[in-house]
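Let me begin by presenting the structure, written as structure tokens, before commenting on it.
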There are 2 protein chains.
Amino acid sequence: MFISYFGPLTSFSVNLAHTVSLQMAATIKDIAKRLNISVSTVSYALNNGPRPVPEEIREKVLAVARELNYRPNRIARSLVTRRSHTIGVVPTEASINLAVTPYFQGLLNGILNTAEILEHDVLIYTRYDAERANEFVNTLLDGRADGLILLAPRIDSQAMEQLAGQIPFVVTSDERRNAAHFGCDNSGGVRQAIDYLVQIGHRKIGHIAGDLRISDGQDRLVAFRSALAYHLLPAVESWILEGSFLCEGGYTAGMKLLKQPERPTAVFCANDDSALGLVRAAWECGVRVPQDLSIIGFDNSPISSAVAPAITTIGQPLDQIGAAAMSAVVQYVETQQRPESQTFHTELLIRASTAPI
Amino acid sequence: MFISYFGPLTSFSVNLAHTVSLQMAATIKDIAKRLNISVSTVSYALNNGPRPVPEEIREKVLAVARELNYRPNRIARSLVTRRSHTIGVVPTEASINLAVTPYFQGLLNGILNTAEILEHDVLIYTRYDAERANEFVNTLLDGRADGLILLAPRIDSQAMEQLAGQIPFVVTSDERRNAAHFGCDNSGGVRQAIDYLVQIGHRKIGHIAGDLRISDGQDRLVAFRSALAYHLLPAVESWILEGSFLCEGGYTAGMKLLKQPERPTAVFCANDDSALGLVRAAWECGVRVPQDLSIIGFDNSPISSAVAPAITTIGQPLDQIGAAAMSAVVQYVETQQRPESQTFHTELLIRASTAPI
DNA sequence: ATGAAAGCGCTAACAT
DNA sequence: ATGTTAGCGCTTTCAT
């Protein structure tokens, strides 16, 4: 169907079935011309201030705007005001399949919920390339976002030094940075896990770590060792394996772990996806969960409570963390005051993947 | 251990140590001044064209840019070029907790993967307000995005008529629109489900529909009726209930369904989350799945294969659909040619929630 | 080859 | 009260 358009200015319709002609959009200049008033009056009328405009004129402006199908160009406005009402979200790295990880999903959910309340939109950056880090930083500073949320940046990332002083930003998880950070109490959470395992009789405890280039991976590993030490338990190095925070990593590490002559009776996994992978490895090795092996995860991802056996886990409130990070960065943009960091409590959720020995 | 928690960010300590002064960013003008050349030369040097610049000068420009910590302002560039290299993603409505729905997650994953390859970023719009639809359309047209992907728009949404001819866009799921659409073959998928149920002996089949304001909800309901008719089976109206595509909706509808004196032996749910809700309702009513009730879902969400019993479902390749939509809209932006719609095949995945009667 | 200048659409300071 | 105009930082045409 051909929709004819009687808009302002040049409308060029080369209408070959599916060839779409984008119309020249009306601007405040067009409105001003039409009413024989100045652009500033139009601007003030449209924005309802800060300069007062007689109601009569204002109404006329609105009417003509409507008639001309006027749409304010926020790009032009941003160039002047230096505000885009957009917050950028920067994933760890442009990991493929980012959006299927529970960590990202949980944070993004909180971020979006809060963005809506705060009347902001959310720009998700892709294209991270460690070899062209400077270009990536350029992208982050190109004016599209007023502030940034860096999701669990890699420990070796230099981006933040370059970002410092250039744009308000906060980070999730990583508390090593000289920036406001939002995450859970990793060491407290890991202690909850190990305390529980010890309490139900486990003495031989292994760990499938996360990606150790990310602070959560490091922190949980360090906390794991501390927790064992606290209970005067030895850390058996062959029972401590690096995973990837992904199911595959948990599976691969799990196969290595379970093929050893002597096995732990319980394994703390750096997150639930790793735990899922370990469950699969256990299944393939004929190791029963939880009778032969207790498994505990981290995150309380939706799937952790759905699987059979349901995974005992350390819950962290990802959506609250995302929401807090979003509120904070918007505050930061508006006040230019760096917000306080926030650390959230974890909770032990005992389910079916762990049992007394 | 002491866990610090600083509550919601209502108040700010004015901590001078944390007061950040954003530096005035360098512009091409600064570079030009410094080298006593014109801004156009700087621009051409930086962009490596289209006008040739002697290598010697180019290097000087790059050196000064580096020295001044120059960051190109894409907002300014966009104002001229009318390209932001950003694609907007428009959720059905600014549903709270959007990011936890498998449909959104699956599509977004494909969208982000493809955005990275195509060197675009993704802007997620929030703030949909049906009562201020015009303002919302303004936002979509404010210049930040070159093109839009509308995720399963509500049937009654007027936004697309307003968007037509103003910006390249594609939609997911909804094939009623005068726009390129990307989705799965709903009627084929539903037929697979019903054919299978009939094949294993079911004759009394109910349906928990999705949100009927969304095309997938409508289409699957219509397809359900057709499929029953094809098999000369009656559609029992009290066994057809509206859900919401959410677990809660499936649960609520399920409770209503299961409390009826006569029950179906099998239920086709509009998506997996609904099916999950129905499973819970069945559990609470003492109805065994699949012995007393067969349940089949739609989507093949990650959780559908993880739960016990694993949900038999009709799989649709959400990430492929998202990827296709992303490719298409970028192509649309670049060529101004409306891309072709694509409909993806579904697949029947037989799992543990269905059994022969 | 390279500089000057005209915008892109808007806001807001400056004039009247 | 309202109009004029100078930018915001950039691209690109037009002049030289």
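So that the names make sense, note that chain A is the first sequence line, chain B the second, and so on, each numbered from 1.
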Just checking [X]: base, sugar-phosphate only, or nothing, at a heavy-atom cut-off of under 4.0 Å?
X	answer
B:V53	nothing
B:P72	sugar-phosphate
B:S43	base

(request) Figure out the CD1/C1' separation between A:I28 and C:dT11, and round it to whole Å. (result) 8 Å
(message) I need the CZ-C1' distance between A:R144 and D:dG9, as an integer number of Å.
(response) 16 Å
Identify which nucleotide among [options] has an atom closest to any side-chain atom of [X], counting heavy atoms from C-beta outward.
X	options	value
A:Y44	D:dC8, C:dA13, D:dT4	C:dA13
A:V80	C:dG3, C:dA5, C:dC10	C:dC10
B:P50	D:dT12, C:dC10, C:dA12	D:dT12
A:Y70	C:dC10, C:dG3, C:dA13	C:dC10
A:T41	D:dT2, C:dC10, C:dG7	D:dT2
B:N47	D:dT4, C:dA4, D:dT11	D:dT11
B:T81	D:dC10, D:dT11, C:dA13	D:dT11

(message) Quick one about A:N113 and A:D319 (side-chain donor to acceptor, distance below 3.5 Å, no hydrogens or angles considered), yes or no?
(response) no
(message) If you assign B:L79 and B:R51 each to the DNA chain C nucleotide with the nearest heavy atom, which residue ends up on the more 5' nucleotide?
(response) B:R51
